[in-house]
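Since we're looking at a predicted model, the values are computed, not measured. Just so it is clear: chains get the letters A, B, ... in the order the sequence lines come, proteins before strands, and each one is counted from 1.
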Amino acid sequence: MTAPSVAPIPGAHPLAVDALLDDSSVEIIVCCGSGGVGKTTTAAAIGLRAAERGRRVVVLTIDPARRLAQAMGLAELDNTPRQVEDIDTTKGGRLDAMMLDMKRTFDDVVLAHTSPDKAREILENPFYIALSSSFAGTQEYMAMERLGQLHADASSNGDYDLIIVDTPPSRSALDFLDAPKRLSSFLDSRLLRLLSTPARGPIRLFSAGMGVVTGALTKLLGAQVLTDVQTFVAALDTTFGGFRQRAEDTYRLLQERRTAFLVVAAPEPDALREASYFVERLRDDRMPLAGLVLNRMEAPAAVHVSPERSLSAAEALAESGQHPVAAAVLRLHGERMTRAARERRLAERFASAHPGVSIATVPALSSDVHDLPGLRQIGTRLGGE
Amino acid sequence: MPKVNVERLRSASVTRRESDWEGVRLHVVTGKGGTGKTTVAGALALALAADGQTVLLCEVEGRQGISRLFDAPSLPYDERRIAVVPRNGATAGEVYGLAIDPEAALTEYLEMYYHLGRAARALDKVGAVDFATTIAPGVRDVLLTGKVYEAVRRKEKKRVHDRPTYDTVVLDAPPTGRIARFLGVNAGVADIARVGPIRRQADSIMALMRSPQTAVHIVTLLEEMPVQETSDGIAELRAARIPVGSVIVNLARRGPLDRPTIEAASADQLPRADFVAALHETGLPADDATVEGLLTDAREHAIRVAMEDELRTRLDDLGRPIYELPRLADGADLGALFDLAGELTKQGMA
């Protein structure tokens, strides 16, 4: 079957994906974009392509839906990178994949930075348990932590020369950029100091103003919660000082030239609006943007038959009652062409609003991708073959 | 068992009949990102209003999706009327919109339940509000669900309000991957706060979330990953003892090919000579490339339909009522939203 293809978008520089993957100075590729645009698939596909072109790759997904596992034929993904079998290693590359286990990462940080006794105290603290496992948003901090760990390991032992990160969907995709700042402001906050004081002496607790606050907190939370929070917070400073430092280092690493961001979108108004937001946010944060990947572009065959001609022929045949099957197929073709034209208009509009952004397009495939050959096919399209 | 709605389709225009969800006060609409849950939530709110109800449509992710959907200015933290549904020249029902902002919700919450005016400001000064809403995002979910709870329960409160009371609340919720955790966040609070007002509030919210007054509907597309997440989401909701409502297949394509044609296309048995004749007759190029191209279009379409059929079977097996909304050629503008609402009414969702 001939491969469908999408003509280049006028006004946009084509994104040279292979050149990016072959550039050994690029050590981290971050895929971001709103949900449902094929971000995880893109991350997996470029990971596979890079590996088969000779890079030693690990793909880190922080999406809880275990989609990457399905796409890569792995039974389970945990916090440890697992090698993906059945890839072409003739060029010396390899492909590993892992999914972020946020609680596990959090626990590891605690265990690594404090004494066993104190660690146990923290790990058993109800506030800690809630924060590390059930509360949303912790994964962004932990993603920073795990990315930093992986990169540090890779730099020292040389296991990987390329880390590909798949970020969580929606706007929180960029929340992990904010993680270090939030953590710093939290650790330096007056609240933290306030909460850690009562444990040392009741006198300051009742000094002017403070009583109102702790009184309010006790009223709100109950005395037990306050004690739990205080225990947790008292342990935080020693444990998480290092974490903050590393989160800040990771943030700076993301700004360096060895990182490349790919914004992933589908040719729909909402997804492209989100993509614009990402592009602007990355620019504001001085993060290096490699370009936009536009997934799932409608790619009908027989493109020389315009939608107007196709639809009016279908109409004429329907009126005469002849060739009903051909008429229906002409209608189908006309509808697909109409959709393709609308998608191209959206892409062109994005290109004129963001003139410096290179764009790669991937045609929609008629079936879903859930195996390596499917990922390889996507990679081929991304490489522009 | 899948619900067949043909009978409802016939009777909908004749008499008003009960919806499939009588007694539900809180409709939670979730779905994988990109499935169009905001659009579906908006259409459901309109459908309920068309039934004569006063409906609150709220969002919690700060995306201003509702105002965009209804062509309204950005919603402040305030309930604004965003649509009026007329019937026979009179107002049938109304839709109010609310974008719940966690910080404002916290201040309001402290004032309403604890009368903590001065202390709330003190908390704000030391960064507790910032801490609560940003650093510990679970607290955020507690506040968001707390506000939803308040809107649902307002009708029963004796106190006279300067704000409208609602028959039904429709929540444009976080995505499927987070939904059980989001709606169940107060169960986690109950683990932390063993006593006190927060504990009581958390218990009340969980009681609502787990009651038959709540229904969580999951929006999906006929694609592998969204269907998988629908199935996973239902399992997680059941484990959290939160009532699962329906599955809504959104953006369903209704292609022009009938079944026999689709089968012929996938078996590569479409009548080539017929195509050549048809192209000649209508003055289109009838060369091999054109014929082959059209056959390729048809074959790709048939592959997609076969995959969609398989996914439909998987959705049927989930044992929830299924509604289906068509893909609209020009995206979802306000007029289209009314059409989608009409579809939901016809199919019995409202």
Side-chain angles (χ1 to χ4, degrees), chain A residues 1-2 34-37 63-65 67 70 126-127 130-131 134-138 169-171 182 186 189-191 194 209 212-213 215-216 219-222 224-225 228 266 269 271 300-302 304-305 309 313 316-317 322-323 325-333 335-336 366-368 370, chain B residues 32-35 61 63 114 116 118-119 122-123 126-128 131 134-138 141 175 177-178 181-182 188 191-199 223-225 229 232 255-258 261 270-271 274-275 277-278 281-282 284-285 289-290 293-294 296-298 300-301 303-304 307 331:
Chain A
M1 190 162 78
T2 52
S34 54
V37 297
D63 188 286
R67 294 182 241 162
Q70 294 165 359
F127 190 75
L131 187 74
S134 65
F135 284 155
T138 310
S170 93
R171 290 217 168 159
R182 283 196 200 161
F186 170 52
S189 73
R190 288 176 59 195
L191 177 73
L194 172 71
V212 177
V213 176
K219 193 172 173 190
L220 271 172
L221 301 166
Q224 180 60 45
V225 179
D228 286 346
H304 55 286
V305 181
R309 291 178 75 196
L317 289 170
Q322 284 179 306
H323 311 297
V325 172
V329 172
L330 279 165
R331 180 164 297 283
L332 173 73
H333 176 72
E335 288 172 2
R336 290 189 61 178
S366 34
S367 56
D368 272 339
H370 40 62
Chain B
K32 183 179 180 297
T35 56
E61 294 189 289
R63 287 188 292 129
Y114 307 105
L116 281 179
R118 188 169 81 94
L123 285 174
V126 296
F131 167 80
T134 329
I135 306 296
D141 291 353
R178 274 203 338 107
R181 211 162 49 184
F182 175 77
D191 290 344
I192 298 176
R194 280 155 228 148
V195 291
I198 285 207
R199 171 62 191 259
E223 289 173 17
E224 172 78 26
M225 296 305 185
E229 286 199 18
D232 294 348
L257 305 192
D258 60 15
T261 307
L270 287 175
D274 201 37
F275 274 72
E281 202 160 304
T282 51
L284 291 174
T290 307
L294 291 176
T296 302
D297 277 357
E300 286 175 359
H301 179 72
I303 294 171
R304 174 152 285 280
M307 185 198 73

Quick one: closest heavy-atom pair of B:Gly293 and A:Ala301, and the distance?
O-CB, 3.4 Å
Minimum heavy-atom separation for A:Ala302 to B:Thr290, with atom names?
CB-O, 4.1 Å
Quick check for you: to the nearest 0.5 Å, what is the distance between A:Arg336 atom CZ and B:Glu300 atom CD?
4.5 Å
What part of A:Ala271 is in contact with chain B, defined as an atom under 4.5 angstrom from a non-hydrogen atom: side chain, backbone, both or neither?
neither
Is chain A contacted by the side chain of B:Thr35, its backbone, both, or neither, given a heavy-atom distance below 4.5 Å?
neither
Holding to side-chain contact (heavy atoms from CB on, under 4.5 Å), I want the full list of residues that pass it with A:Ala327, two or more places apart in sequence or in another chain.
A:Leu317
What distance separates A:Leu330 CG from B:Leu284 CG, expressed to the nearest 0.5 Å?
6.5 Å
Side chain, backbone, both or neither: which part of A:Val329 has an atom under 4.5 Å from a heavy atom of chain B?
both
A:His333 versus chain B, the contacting section by heavy-atom distance below 4.5 Å
both
Test item: B:Asp274 side-chain N/O and A:His323 main-chain N/O as donor-acceptor pair under 3.5 Å:
no
Among B:Leu270, B:Asp258, B:Leu257, the residue with the most heavy-atom pairs under 4.5 Å to chain A is B:Leu257
With sequence neighbours excluded, what pairs up with A:Glu335 under the side-chain contact (heavy atoms from CB on, under 4.5 Å) test?
A:Arg331, B:Pro256
Atom group of B:Glu281 that falls short of 4.5 Å from chain A, counting heavy atoms
side chain
